[in-house]
K.L.:
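Before we start, here is the structure in question, set down as structure tokens.
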Amino acid sequence: MTNFKLIDKKWQESWEKKKIFQVNELKKKKFYSLEMFAYPSGSGLHMGHAFNYTVGDIFARFKIMNGFNVLHPVGYDSFGLPAENAAIKANIHPKKYTESAIENFVKQQKRLGLSYDWSRLFKTSSSEYYKWNQYLFLKLYEAGLVYRKKSCVNWCPKCETVLANEQVHDGKCWRHSDCDVVEKELEQWFIKTSKYSQELLDYLPKLQWPERIKFMQENWIGKSKGAKVKFKLKDSNEEIEVFTTRPDTLYGVTFLVYSIQHPKVRWLTKDTMQSDEVEYFLRNLPKQSPEDRDKEGIFIGRYAINPLTNEEVPIYASNFVVPDYATGVVMAVPAHDQRDFEFAKKYGIPIKLVIQPKKGLLNVKEMESAYTGPGILVNSGKFSSLDNETAKEEIIKFLKSNKLGKEELQYRLRDWLVSRQRYWGTPIPMIYCEKCGIVPVPEKDLPIKLPEKIIFGKGNPLETSNEFIQVRCPKCKSLAKRETDTMDTFFDSSWYFLRFTDSHNKLKPFETKKVDFWLPVDMYIGGSEHACMHLIYARFFTKALRDLGMLELDEPFKVLYNQGMIHGEDGFVMSKSRGNVVDPIKTLDKYGADALRIFLVSNASPDKDSSWSATGIESSYKLVSKIYNYVKKAKVGITSARVENKLNKTIKEVTEDLENLRYNLALIKIRELVDSFEKQISKKDLESFVKLICPFAPHIAEELWNLIGNKKFVSLETWPKFDSKKINPELDAIDELIQNTIKDVYNIQKLVSIKPTKIVISVAEHWKYNLINDIKKEMKHTYDISEIIKAVIDKEHAQDIAKLVPSFVKNPTKLPKLVLSQEKEFNSLKENKKRFEKEFNLAIEITKNNIKAMPGKPAILFE
RNA sequence: GCAGAGGUGCCGGAGCGGUCAAACGGGUUAGGCUUAGGACCUAAUGGCUUAGUGCCUUCGCAGGUUCGAAUCCUGUCCUCUGCACCA
């Protein structure tokens, strides 16, 4: 086994020492290639990381070799709960824990041979970075995009902190699929992502992202078109605004429903006979996650007036109404909305039919579910007999002109809750003063550093750190309290790609000019799990910072590529409990980086899931060895036309495949090329080949490049160009002819079941290509090549044979047939001549010493 | 329930109107090399067949379009992913 480990090390050190991947803004043709921000977990690099970085690195290297000024940076998203928890568990300070984790991570990443500009490295847990988190937080605050609000928020008991909407999946915490999120009423910091709902939606079609991700974001932002309608509260001047997408059903409203979390519920009910009952209801309603909770509600003792009919409708409070969507109150039309229908049935509320389908008549008494389809309005005053779509418009028009409502758009996207009740994150730069209220920390006082001497126990250790909490109010200088919450780590990753353009700027988060030069990210590679988290926040940030005048950019990521997952050999997700985890480092030790890189991308298209395979990595290792040994032993000379054809064709196809991240297909073509190589090859072609494999296997590429007499780095060489003149389909045809001839030789041999001592192959005298040589070469494994001799067939036949190749190219299915015989079997063959001719459509003439090929048929003779 | 993606040979996985019994890899079988094993190299690997430019059957299932379908259309079953009380 060649020790590729040493070769890996040699070149990794050399690249780093010569800083060959460091870039600046001098060269114009830029390309920003980025893999999603790494969270440096204490357990080090796993196969998924290795895959992600390999996919990105191959692309970055390809772009470098194509003359681009490639920014390919790396950094660490080092704040966060897992580090904090792991540190507590190991009884180490999170800072120490994280630092050693990063150190380890860097070491492991380097072993993959990644083309990073290491000089730009930063970590978010360093105050040099999070200072700018705080700075940007304050800028957003000044711009009115950060606010504090008391509301019902999601709390994960395992994380012991609140979560953003995006971090709750199916009622569970995104980190703990076994942990139900609890709703808590708390005052928290929010970022107004909702301000950009429409723009986030509008730009989606322009992005070169997987359709799936765009679709997920579209759903997440969730735009609905409808109307805002004002209901008067009975015995009051108050108005209740509701949002509906079905203004056409307004005549069918039989009740209104407040969300139980709506702050107005208690207030509305306080002077009614129901107040105790409602209070009891609100207090005792079991907390259940939304999907499995039953609709529970209660009449709150008040009535509202339908603006169109002036009818009184009762008001309820229920758990099925989402508190922070639209106004948190809905108008209920049980006849035409399934949820309202179920609720009305349960509480015996009247159901009023206002839309009849165009076919068939509905009857309220017989209805078993709401009718939500289209139809004609009935029982709807002057709007009756209108088509319901028309009625939507007409009713909105009417509401508008009578100031009872208006057309309205609603989005599902909520504002981003960024407070976290944890230690290992960026302190929120706010101060609470009894006199002045909320006071932002002045810019000059940044960064607010995380205190290192703290006591971990239950809850947020910052709350017990007096050193941290106690502060003078920046305004009135009296004693005040610091905010002890830290920022969601998604805040850190929302702008890190901007910082990479100017990683070590001490005066600003980044230089606008640099961002304008490098951004947008031209290729962003990572998993799809961030579709509705990081990828939404980062888009929001970009737009917000643009509006703050900090950059000129609408969208941060031009192209997004989702790589798949590497599963264990058993096809399941790699996990410790399953015991199917494969350690990339151990693999690197055994096979070297190039083999691992090649394995990871040769299984399947990189956007698909694939499984680890012990034989697969072996096979990649074999390919690497084969390439290495071939180039090492290749005789520099003239490349045969056959290999030239293959090489140029491969360059052409591999280039296209790389451009489209079809690494698996590119590697197949490279494999075929390697198999077609001959001992002799020109230096130039050898060099082209080494360049061709460089993005995949940069270490052996450098080693071989050096070996064939080059001093510079192949990683920085220009990508090979193919010569279309060298690509000749005729040669492929010849190749096929040879393969078929050999096949025939084997078949005849099988037939006569005797090992031949000598093979005579008759071919045309003036055959353009040296068929015999090629056949000899190919058959050297089976026979002593000296035993294959060329027999010349007469001119008349030869001319016909010469026609074969062009006609074959035109119609590859009509392959010329080669005829074989063997001395011992000669007689039987002779006897069967007629049959052969008939069955196999062969024109053969058998004589004692030779088999004469008839037009179009070369012949082979065993002696 | 709604919306997306997909079902290909022993396995992974290409192909996405004709050159397809279907790339490439793995596995298996046979042969070469070798003291032996490994590595390496070669061939075979849907069925039939006394050599295939042969026949038959295959690309989830059932139909259809076409001179021609793994590839296009319709229906159907299954798998995976995402969203699920957003009014």
Side-chain angles (χ1 to χ4, degrees), chain A residues 1 169-171 210-213 215-216 218-220 222-224 226 242-246 249 257 259 290-295 318-333 336-340 342-343 410-414 528 531-532 571 599 602-605 607-611 613-620 622-623 625-626 629 662 664-665 667-672 675 736 740 742-752 755 778-783 808-821 828-829 832 835-836 839-842 856:
Chain A
M1 263 171 111
H169 299 155
D170 288 335
E211 289 306 316
R212 196 168 66 93
I213 304 293
F215 181 77
M216 281 164 75
E218 199 184 310
N219 279 342
W220 190 258
K223 181 178 178 174
S224 311
V242 300
F243 174 72
T244 178
T245 53
R246 295 294 305 271
T249 63
V257 195
S259 159
E291 72 261 30
D292 48 35
R293 87 181 147 209
D294 295 326
K295 291 181 181 54
S318 170
N319 60 355
F320 84 86
V321 177
V322 178
D324 47 3
Y325 179 72
T327 56
V329 200
V330 299
M331 59 176 233
V333 186
H336 304 292
D337 182 285
Q338 189 55 29
R339 296 152 301 181
D340 300 347
E342 285 166 26
F343 193 84
Q410 275 296 332
Y411 302 89
R412 285 185 46 190
L413 183 75
R414 310 293 152 78
S528 60
C532 293
F599 167 75
S602 52
N603 266 336
S605 170
D607 58 343
K608 291 200 175 152
D609 292 354
S610 63
S611 298
S613 148
T615 50
I617 180 73
E618 288 277 353
S619 140
S620 298
K622 280 183 204 168
L623 177 64
S625 307
K626 207 174 185 175
N629 291 329
R662 294 186 301 239
N664 54 330
L665 301 186
L667 280 164
I668 284 168
K669 283 155 199 164
I670 287 173
R671 283 192 124 104
E672 284 174 349
D675 280 341
E736 209 163 319
N740 279 300
I742 292 164
K743 219 185 227 177
D744 287 337
V745 170
Y746 287 124
N747 280 331
I748 295 286
Q749 191 203 332
K750 229 198 267 172
L751 183 78
V752 299
K755 229 176 161 182
E778 291 282 323
M779 291 185 71
K780 68 180 176 218
H781 315 286
T782 322
Y783 304 105
F808 171 65
V809 171
K810 253 190 219 155
N811 188 354
T813 56
K814 293 270 181 243
L815 270 175
K817 178 66 196 145
L818 291 122
V819 186
L820 298 96
S821 176
S828 76
L829 269 180
N832 287 325
R835 220 189 87 225
F836 277 119
E839 266 190 33
F840 311 129
N841 193 24
L842 298 172

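A quick note: this is a predicted structure, and the numbers were derived from the prediction, not measured. Chain A is the first sequence line, chain B the second, and so forth, proteins listed ahead of strands; every chain is numbered from 1.
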K.L.:
For B:G46 and B:A22, measure between their P atoms and round to the nearest Å.
P.N.:
8 Å
K.L.:
With rounding to whole Å, what would you report as the distance between B:C67 and B:U8 at their P atoms?
P.N.:
31 Å
K.L.:
Pick the C1' atom in B:G12 and in B:U66, then give their distance to the nearest Å.
P.N.:
34 Å
K.L.:
Using a heavy-atom cut-off of 4.0 Å across all strands, would you classify A:Glu672 as base, sugar-phosphate, or nothing?
P.N.:
sugar-phosphate
K.L.:
On RNA chain B, does the nearest nucleotide to A:Gly328 precede the nearest nucleotide to A:Phe215 from the 5' side, or the other way round? Give the residue.
P.N.:
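Whichever sits nearer the 5' end wins; that is A:Phe215.
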K.L.:
Paired with B:U81 by Watson-Crick or G-U wobble geometry, both distances under 3.5 Å: which nucleotide is it?
P.N.:
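B:U81 is paired, partner B:A3.
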K.L.:
When the C1' atoms of B:A21 and B:A70 are compared, how many Å lie between them, rounded to an integer?
P.N.:
11 Å
K.L.:
For a quick check of understanding: with a heavy-atom distance under 4.0 Å over all strands, which category does A:Ser602 fall into, base, sugar-phosphate or nothing?
P.N.:
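No contact.
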K.L.:
Say you pick atom P in B:U35 and the same atom in B:G7; how far apart are they, in whole Å?
P.N.:
49 Å
K.L.:
Over how many whole Å does the gap from A:Met216 atom CE to B:A84 atom C1' extend?
P.N.:
13 Å
K.L.:
Under 4.0 Å between any heavy atoms, over every strand shown, what does A:Ser224 touch: base, sugar-phosphate, or nothing? Just pick one.
P.N.:
sugar-phosphate
K.L.:
Please determine, for the side chain of A:Val330, which listed nucleotide (B:C24, B:G27, B:A87) has the closest atom?
P.N.:
B:A87
K.L.:
Rounded to the nearest Å, what distance is computed from the OH atom of residue A:Tyr325 to the P atom of nucleotide B:A87?
P.N.:
4 Å
K.L.:
Any chance you could measure A:Thr244, atom OG1, to A:Met331, atom CE, to the nearest 0.5 Å?
P.N.:
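Going from the OG1 atom of A:Thr244 to the CE atom of A:Met331 covers 3.5 Å.
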K.L.:
Going by the angle between their ring planes, with limits at 30° and 60°, are A:Phe243 and A:Tyr325 parallel, tilted or perpendicular?
P.N.:
perpendicular
K.L.:
A side-chain contact here means heavy atoms from C-beta on lying under 4.5 Å apart; do A:Ser602 and A:Ser620 qualify?
P.N.:
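Yes; the side chains approach each other to less than 4.5 Å.
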K.L.:
Expressed as a whole number of Å, how far does the P atom of B:U53 sit from that of B:U45?
P.N.:
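Going atom to atom, P in each nucleotide, I get 12 Å.
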K.L.:
Between B:G13 atom P and A:Asp607 atom CG, what is the distance in whole Å?
P.N.:
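To the nearest whole Å, that distance equals 12 Å.
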K.L.:
Considering only B:C40, B:G13, B:G27, which nucleotide approaches the side chain of A:Ala604 most closely?
P.N.:
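Out of B:C40, B:G13, B:G27, the nucleotide with an atom closest to A:Ala604's side chain is B:G13.
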K.L.:
If pairing requires Watson-Crick or G-U wobble contacts with both distances under 3.5 Å, which nucleotide is the partner of B:A14?
P.N.:
none
K.L.:
Watson-Crick or G-U wobble partner for B:G75, using a 3.5 Å limit on both distances?
P.N.:
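Partner of B:G75: B:C61.
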K.L.:
Show your working on salt bridge (charged side-chain N to carboxylate O under 4.0 Å, His left out) between A:Arg246 and A:Asp337 and close with a plain yes or no.
P.N.:
CA-CA 9 Å; A:Arg246 295 294 305 271; A:Asp337 182 285; over 6 Å; no
K.L.:
Take the protein atom CG of A:Asn319 and the nucleotide atom P of B:A87, then report the distance between them rounded to whole Å.
P.N.:
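Spelled out: CG on A:Asn319 to P on B:A87 is 18 Å.
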K.L.:
Under 4.0 angstrom, heavy atoms only, what part of the nucleic acid is A:Asn219 near: base, sugar-phosphate, or nothing?
P.N.:
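Answer is nothing: A:Asn219 stays at 4.0 Å or more from every strand.
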K.L.:
Considering non-hydrogen atoms only, spot the tightest contact between A:Asn219 and A:Arg412 and give its length.
P.N.:
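Answer, listing the atom of A:Asn219 first, then A:Arg412: O-NH1, 3.5 Å.
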K.L.:
Given B:A87, B:C24, B:A14, identify the nucleotide with an atom nearest to the side chain of A:Leu665.
P.N.:
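Out of B:A87, B:C24, B:A14, the nucleotide with an atom closest to A:Leu665's side chain is B:A14.
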K.L.:
Between A:Ser610 and A:Lys622, which has a closest nucleotide on RNA chain B that is more 5'?
P.N.:
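Upstream on the strand: A:Ser610.
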K.L.:
Could you state the CE-P distance from A:Met331 to B:A87, rounded to the nearest angstrom?
P.N.:
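Atom-to-atom, A:Met331 to B:A87, this comes out as 12 Å.
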K.L.:
Check every strand shown and say whether A:Arg662 touches a base, only sugar-phosphate, or nothing at a heavy-atom separation below 4.0 Å.
P.N.:
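Nothing, no heavy atom under 4.0 Å.
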K.L.:
So if I take every side-chain heavy atom of A:Lys626 and compare against B:C41, B:U81, B:A14, which nucleotide ends up nearest?
P.N.:
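Nucleotide nearest to A:Lys626's side chain: B:C41.
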K.L.:
Expressed as a whole number of Å, how far does the P atom of B:C80 sit from that of B:G25?
P.N.:
32 Å
K.L.:
In whole Å, what is the span from the CG atom of A:Asp609 to the C1' atom of B:C80?
P.N.:
9 Å
K.L.:
What pair of heavy atoms forms the shortest contact from A:Gly616 to A:Phe599, and how long is it?
P.N.:
C-CD1, 3.4 Å
K.L.:
Is A:Arg671 touching bases, backbone alone, or none of the nucleic acid, heavy atoms closer than 4.0 Å?
P.N.:
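It contacts sugar-phosphate atoms only.
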K.L.:
When the distance from CG of A:Asn664 to P of B:G25 is rounded to whole Å, what number comes out?
P.N.:
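It works out to 14 Å between those atoms.
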K.L.:
From the list B:C24, B:C83, B:A87, which nucleotide is the closest neighbour of the side chain of A:Arg412?
P.N.:
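Per side-chain heavy atoms of A:Arg412, the pick is B:C83.
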K.L.:
Quick one: A:Trp220 CH2 to B:C83 C1', roughly how many Å, whole number?
P.N.:
9 Å
K.L.:
Please measure how far the P atom in B:C16 lies from the corresponding atom in B:G1, and state the result in whole Å.
P.N.:
34 Å
K.L.:
Measuring from the side chain of A:Asp675 (C-beta onward, heavy atoms only), which nucleotide among B:G25, B:A23, B:A87 has the closest atom?
P.N.:
B:G25
K.L.:
On a heavy-atom basis, which atom in A:Asp340 and which in A:Val333 lie closest, and how many Å separate them?
P.N.:
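Shortest heavy-atom contact: OD2-N, 2.8 Å.
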K.L.:
Now, which nucleotide makes the Watson-Crick or G-U wobble pair with B:U19, with each of the two distances under 3.5 Å?
P.N.:
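B:U19 is unpaired by these criteria.
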K.L.:
Taking pairing as Watson-Crick or G-U wobble with both contacts under 3.5 Å, can you name the mate of B:A44, or confirm there isn't one?
P.N.:
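By the stated definition (distances under 3.5 Å), B:U28 pairs with B:A44.
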K.L.:
Please confirm whether the shortest side-chain N or O distance from A:Lys608 to OP1 or OP2 of B:A5 is below 4.0 Å.
P.N.:
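So the side-chain polar atoms of A:Lys608 never come under 4.0 Å of the phosphate oxygens OP1 or OP2 of B:A5.
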K.L.:
Check every atom of B:G25, B:U81, B:A87 against the side chain of A:Arg212 and return the nucleotide holding the closest atom.
P.N.:
B:U81
K.L.:
Out of curiosity, A:Lys622 NZ to A:Asn629 CG, how far, rounded to the nearest 0.5 Å?
P.N.:
13.5 Å
